[in-house]
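All values reported here derive from a predicted model rather than from experimental measurement. First listed ligand is number 1; within each ligand, the first listed atom is number 1.
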Amino acid sequence: MNVLVIGGGAREHAIAWKLRQSPRVEKLFVAPGNAGTASLGTNLPIWATDIPSLLKAARDHAIDLTMVGPEAPLAEGIVDRFQERGLPVFGPSQAAARIEASKAFAKEVMQRSGIPCARGEVFDSYPEARRFIERRGAPLVVKADGLAAGKGVTVAATEAEAMAALDACMVERVFGPAGERVVIEERLEGREVSVFAFTDGQRLSPLVAACDYKRAYDGDHGPNTGGMGSYAPPELWSPSLARDVEYAILRPTIQALAREGCPYRGVLYAGLMLTAEGPKVLEFNCRLGDPEAQVVLPLLEADLVEVAQAVLAGDVSQAGVRWSQKACVGVVLASEGYPGSYQRGFPIHGLEAAGPDALVFHAGTRLSNGSVVSDGGRVLTIVGRGTDLAAARQLAYRAVEGVRFQGAFHRGDIALLPSRVADPGA
Ligand code: AMP
Ligand code: GLY
């Protein structure tokens, strides 16, 4: 088979790496890819949202299966466009991708189906949203309805902050049309976990869970980023919690989407808060997480091509999805200045030295005269895979120490348990 992966980050490198292990894959293409994916297949210089050019590439290269990494092309209907032309593609339709692309839609689906989530309301009217904030008082969470590159959510400790977030969405329109509607909801307390399952629209694969780190610096300080590290499985994840999440959240969600006339096929990602009252949904995403994919895919004990084909054939159970009992820890190496402005083009040294227990997934990298140089804010995710989290963590950091480029920084506390973070002497 000829397979096309859409996207250019470390998540897509991990997808391409996993696909390369399949004996079914002959030619592998990645659009646009990075220096890491170039060693697994052929990069095509096409942006992930340039759907007409992707369609043409899929025809020109006789692609038998397309895997979509990021949310933007899914929200823009890439799956519908490919299917109209008879091109097999793994991912949800545009209508089903609204579970991520519209927080109002997701909230309404959850409320109608009794899926546990934060109590909240959807507003199209600015005065009504203001009155709601006045009536409820802080703390509150204000969310732009649409895709806002991870910046559309404000957890507001005071009424003034909530009002400022509302103004940013509806008056200053900093997110454009994505902020014309807002969801305002109660603040939930607890630990966050990302849960993933493959689904054919009716059945689910076994679940897998991971944690990610959004802040730039150790101890969860500094600005929000696209993610500075991740690990799987979370120490608090258990078979009984997995069952609760499956039956109270994921199954009712795919059933609700099927009832709405938009059955969900692909990988469903639930961002959960583990509250004192049980797990509640913070958000749904219509794809694998980044950097979660980098620690989850190395645990997948199945052929990813077969998984995708089973989903497309309408029976995910055929794929025999199982998750390894091992653990993975992923550490992101970023460019100095990220998530603000940063320089590109620094040579990356030591990539070949990472041992067999460490995986190096590229994000912002490119080839320049045959050598790998930095080309983005998040440059690499280095993953250690071991028998438990402690072993995986050690392998990841040992590999991190061997990789160098000018201005590189990373967090030192990925997969350190929270109690130990709070008490470094322990
Ligand atoms: P979202 O894009 O909806 O996942 O929101 C991004 C982040 O905001 C989440 O990962 C949480 O850390 C935080 N967040 C979102 N909703 C809530 C909520 N209701 N209560 C507390 N934190 C939240
Ligand atoms: N790790 C968060 C996300 O992929 O949205």
key: Numbered atoms of ligand 2 (with element) below 4.0 Å of Gly289, judged on heavy atoms   = 4 (O)
ask   = Does ligand 1 have any atom sitting under 4.0 Å from a heavy atom of Lys280?
value = no
Protein heavy atom at shortest distance from atom 20 (N) of ligand 1 = Leu188 N, 2.8 Å
request  = Check each atom of ligand 2 against the heavy atoms of Asp212 and keep those under 4.0 Å away; list them by number with element.
outcome  = 1 (N), 2 (C)
ask   = With His13, which residues qualify under ring pair (Phe, Tyr, Trp, His ring centres under 6.0 Å), at least two apart?
value = Phe361, His362
inquiry  = For Asp220, run the side chain to side chain contact (heavy atoms under 4.5 Å, CB included) check against Met228, Arg411, Lys214 and tell me which one passes.
reply    = Arg411
request  = Report the nearest protein non-hydrogen atom to atom 17 (C) of ligand 1: residue, atom name, distance rounded to 0.1 Å.
outcome  = Leu282 CD2, 3.3 Å
key: Identity and distance of the protein heavy atom lying nearest atom 5 (O) of ligand 1   = Val153 CG2, 3.4 Å
Any Met273 heavy atom less than 4.0 Å to ligand 1 = yes
message = Give me the residue, atom name and distance of the protein heavy atom closest to atom 4 (O) of ligand 1.
response = Glu283 CD, 2.7 Å
inquiry  = Looking only at protein heavy atoms, which one is nearest to atom 5 (O) of ligand 2, and what is the separation?
reply    = Arg287 NH2, 2.8 Å
Residues forming a ring pair (Phe, Tyr, Trp, His ring centres under 6.0 Å) with Phe123, sequence neighbours excluded = Phe132
key: Shortest heavy-atom approach to atom 3 (O) of ligand 1 - which of Glu185, Glu192, Lys143   = Lys143
inquiry  = Strictly distance-based, threshold 3.5 Å: is any side-chain N or O of Arg385 a donor or acceptor partner for the main-chain N or O of Lys326?
reply    = no
note = closest protein heavy atom to atom 2 (C) of ligand 2 is Tyr269 OH, 3.2 Å
Per-atom contacts, ligand 2 versus Glu292 - under 4.0 Å to a heavy atom = 1 (N), 2 (C), 4 (O)
inquiry  = Using only atom types and a distance under 3.5 Å, with no angle test, would you say the side chain of Ser230 pairs donor to acceptor with the backbone of Pro291?
reply    = yes
query = Which residue supplies the protein heavy atom nearest to atom 13 (C) of ligand 1, what is that atom called, and how far is it?
reply = Val155 CG2, 3.9 Å
